[in-house]
Amino acid sequence: MYGNDFAPPEDAPGGGLLGEVEAAEAALREAAARARRGGAAPDEDVEAYFADVINADQKIEPRDWMPEAYRRTLIRQIAQHAHSEIIGMQPEGNWISRAPSLKRKAILLAKVQDEAGHGLYLYAAAETLGISRDELVELLLDGRQKYSSIFNYPTLTWADVGAIGWLVDGAAIVNQVPLCRCSYGPYARAMIRVCKEESFHQRQGYEILHTLAHGTEAQKAMAQDAVDRWWYPSLAMFGPPDGDSTHSAQSMAWKIKRFSNDELRQRFVDMCVGQAEVLGLTLPDPDLRWNDERQAYDYTQPDYAELMRVIKGDGPCNRERMAHRRKAHADGAWVREAAAAYAAKRAERKAVAA
Ligand code: FAQ
């Protein structure tokens, strides 16, 4: 199982979730090759053109006409995703200076840096929809845009770094692989790269937990405790249950989302059970069992009232995360000013030379 840690679904030619990413990448190229027209003709009904592109599984590109609500939905989702990557650096960043060896420190540093990179690809994808990165950051800092609930939980021990890699990155990939087939081209393309990197992150977390789970009794207990604390918050990452999901139906009709929140949550549970067995750790759900009829595991739902409280700002670390982000933004003001002054100077020199 380790080294081949995603259960391969039948429709993935390369096997597993990474195989699905490869297939989505090939489909993106194919869609681009098939697209004979670079947008609606001047006299064409733009709404019909938009519907045609979606129905044909082609990509909507930044200069195409799109319904205002489609644009707003994408900005909301991509921004929330970008903010999550940036705020998501904090829980693991907490352990960079305390990693148990130089090798672990170097790996964790690289991982956290990757998350910053993901945030940047995603801000860039959102900017293609006509909003600036400054505005997006402002919306986050004002509390008008969200980030994922999961990053409001504390990292109490080194094993939490393993649990985040295995469960949080694992849930993130299950959620994000279908986004590689999202109807909006820039988001789909960003997701391909993000998913390839996330899959490496998932493995590094799994390897940390595997090492701890096969170490001393105290190390194994620490790994089990981390899994016990991260399991339900990871299940909650997929969002409210389908009946309460306000955006799913429309987002699925527009092919932004390809599966519902509950479908992806189930897929994640089914993937984790075998992996936990290999680790020798237990998932903290006494009702977890195989259902032959459904060909899936029955499991206990996360506490959705808790999810709503965390989303509204009342999780264990919401205030700390936002205070840290605001301080980092203020402390970085001089870097932004210096970069803007340098760019202005270069532009002026270029204009003089021209
Ligand atoms: N946390 O109608 P739905 C990562 C909100 S990246 C906070 O079902 P939708 C990498 C939702 O926005 C993790 N809010 O919404 C990493 C909506 O609010 P609104 C982030 C949540 O959009 C690893 C309302 O509830 N990933 O982990 C959450 O159709 C390690 C109703 O919900 C993404 O953002 C939540 N968990 O489906 C980094 C992936 N769930 O605006 C560092 C892209 C729901 O109406 C270290 N996003 N809400 O007031 C998505 O796939 C979707 O946006 C969902 C939610 C599935 C999250």
Side-chain angles (χ1 to χ4, degrees), residues 69 72-95 108 111-119 121-122 125-126 139-140 143-153 155 160-182 184 187-188 190-191 194-195 197-202 204-205 230 232-254 256-265 268 302 304 306-315 318 321:
R72 276 203 309 273
T73 295
L74 279 168
I75 291 179
R76 177 186 62 79
Q77 179 167 327
I78 301 173
Q80 171 167 326
H81 195 165
H83 300 326
S84 303
E85 301 282 357
I86 300 297
I87 299 269
M89 295 164 73
Q90 292 185 39
E92 289 167 288
N94 184 31
W95 281 90
L108 184 58
K111 196 246 178 194
V112 172
Q113 204 171 336
D114 279 355
E115 308 298 358
H118 296 174
Y121 311 151
L122 288 161
L139 288 166
L140 170 69
R144 281 179 289 153
Q145 277 183 345
K146 301 184 165 77
Y147 59 91
S148 179
S149 51
I150 193 72
F151 302 116
N152 294 306
Y153 291 85
T155 39
D160 288 28
V161 173
I164 290 184
W166 177 40
L167 296 174
V168 176
D169 284 283
I173 311 172
V174 170
N175 167 263
Q176 289 168 25
V177 164
L179 294 173
C180 296
R181 292 180 181 273
C182 161
Y184 188 58
Y187 192 27
M191 290 322 298
V194 169
C195 284
E197 292 176 1
E198 294 291 17
S199 118
F200 184 71
H201 296 170
Q202 197 258 6
Q204 69 82 37
W230 287 91
Y232 286 105
S234 300
L235 292 186
M237 281 175 76
F238 293 90
D242 291 351
D244 298 335
S245 168
T246 39
H247 303 292
S248 282
Q250 182 60 73
S251 289
M252 285 169 78
W254 278 328
I256 294 174
K257 281 168 93 160
R258 296 290 183 147
F259 298 98
S260 76
N261 298 355
D262 287 336
E263 284 170 330
L264 293 174
R265 196 170 0 251
F268 175 66
Y304 292 114
E306 175 179 320
L307 171 66
M308 286 307 140
R309 278 198 305 279
V310 176
I311 291 178
K312 289 196 176 114
D314 201 17
N318 294 61
R321 301 287 185 245

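Positions are given from 1 along the sequence. Every heavy atom of this structure was used, including side-chain atoms; hydrogens, water molecules and symmetry mates were not. We count ligands from 1, going down the list as the structure has it; atoms in each ligand are counted the same way.
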- [ ] Report yes if Asn175 has an N/O atom closer than 3.5 Å to an N/O atom of ligand 1; otherwise report no.
- [x] yes
- [ ] For ligand 1, find out whether one of its N or O atoms is nearer than 3.5 Å to an N or O atom of Met237.
- [x] yes
Applying a heavy-atom cut-off of 4.0 Å, say which part of [X] lies close to ligand 1: side chain, backbone, both or neither.
X: Glu115; answer: side chain
X: Asp244; answer: neither
X: Ile150; answer: neither
X: Arg76; answer: side chain
X: Lys146; answer: side chain
X: Ala236; answer: backbone
X: Lys111; answer: side chain
X: Ser245; answer: both
X: Gln77; answer: side chain

Result block: side-chain N/O donor-acceptor pairs under 3.5 angstrom for residues 78-88, not counting sequence neighbours:
from  : atom 1 : to     : atom 2 : distance (Å)
His81 : ND1    : Tyr187 : OH     : 2.9
His81 : NE2    : Glu85  : OE2    : 3.4
His81 : NE2    : Gln176 : NE2    : 3.0
His83 : ND1    : Tyr123 : OH     : 2.7
His83 : NE2    : Gln145 : OE1    : 2.7
Ser84 : OG     : Gln80  : O      : 2.6
Ser84 : OG     : Ser148 : N      : 2.8

Task: Sidechain N-carboxylate O distance under 4.0 Å for Lys111, Asp114 - done: no
Show the atoms of ligand 1 that are less than 4.0 angstrom away from any heavy atom in [X].
X: Tyr147; result: 1 (N), 7 (C)
X: Ala172; result: 4 (C), 27 (O)
X: Gln80; result: 7 (C), 12 (O), 14 (N), 21 (C)
X: Gly88; result: 42 (C), 46 (C)
X: Gly239; result: 40 (N), 44 (C)
X: Tyr187; result: 43 (C)
X: Ser84; result: 13 (C), 20 (C)
X: Thr246; result: 2 (O), 31 (C)

Closest non-hydrogen protein atom to [atom], residue and atom name please, with distance?
atom: atom 6 (S) of ligand 1; result: Gln176 NE2, 3.6 Å
atom: atom 23 (C) of ligand 1; result: Asp169 OD1, 3.3 Å
atom: atom 35 (C) of ligand 1; result: Ser149 OG, 3.6 Å
atom: atom 46 (C) of ligand 1; result: Glu92 OE1, 3.3 Å
atom: atom 27 (O) of ligand 1; result: Phe151 CZ, 3.4 Å
atom: atom 10 (C) of ligand 1; result: Glu198 OE2, 3.3 Å
atom: atom 55 (C) of ligand 1; result: Lys257 NZ, 4.2 Å
atom: atom 21 (C) of ligand 1; result: Ile311 CD1, 3.4 Å

Separation of [Y] [atom2] from [X] [atom1] (nearest 0.5 Å):
X: Leu264; Y: Asn175; atom1: CG; atom2: CG; result: 6.0 Å
X: Asp314; Y: Glu306; atom1: CG; atom2: CD; result: 10.5 Å
X: Leu74; Y: Arg72; atom1: CG; atom2: CZ; result: 11.5 Å
X: Leu179; Y: Arg258; atom1: CG; atom2: CZ; result: 10.0 Å
X: Asn318; Y: Tyr153; atom1: CG; atom2: OH; result: 8.5 Å

Task: Flag: protein heavy atom within less than 4.0 Å of atom 44 (C) of ligand 1 - done: yes
Open item on the list: For Phe238, run the ring-ring contact (aromatic ring centres under 6.0 Å, His included) check against Tyr232, Phe268, Phe259, Tyr304 and tell me which one passes.
Closed with: Phe268
Open item on the list: Against Ser199, only a single residue in Ile173, Asp169, Val177, Val194 fulfils side-chain contact (heavy atoms from CB on, under 4.5 Å); can you say which?
Closed with: Ile173
TODO: Please examine the side chains of Asn261 and Ser248, heavy atoms only from C-beta on, and report whether any two atoms are closer than 4.5 Å.
DONE: yes
Task: More than 12 heavy atoms of other groups within 6.0 Å of Phe200 CZ - done: no
TODO: Determine whether the side chains of His201 and Glu115 contain a donor N or O and an acceptor N or O closer than 3.5 Å.
DONE: yes
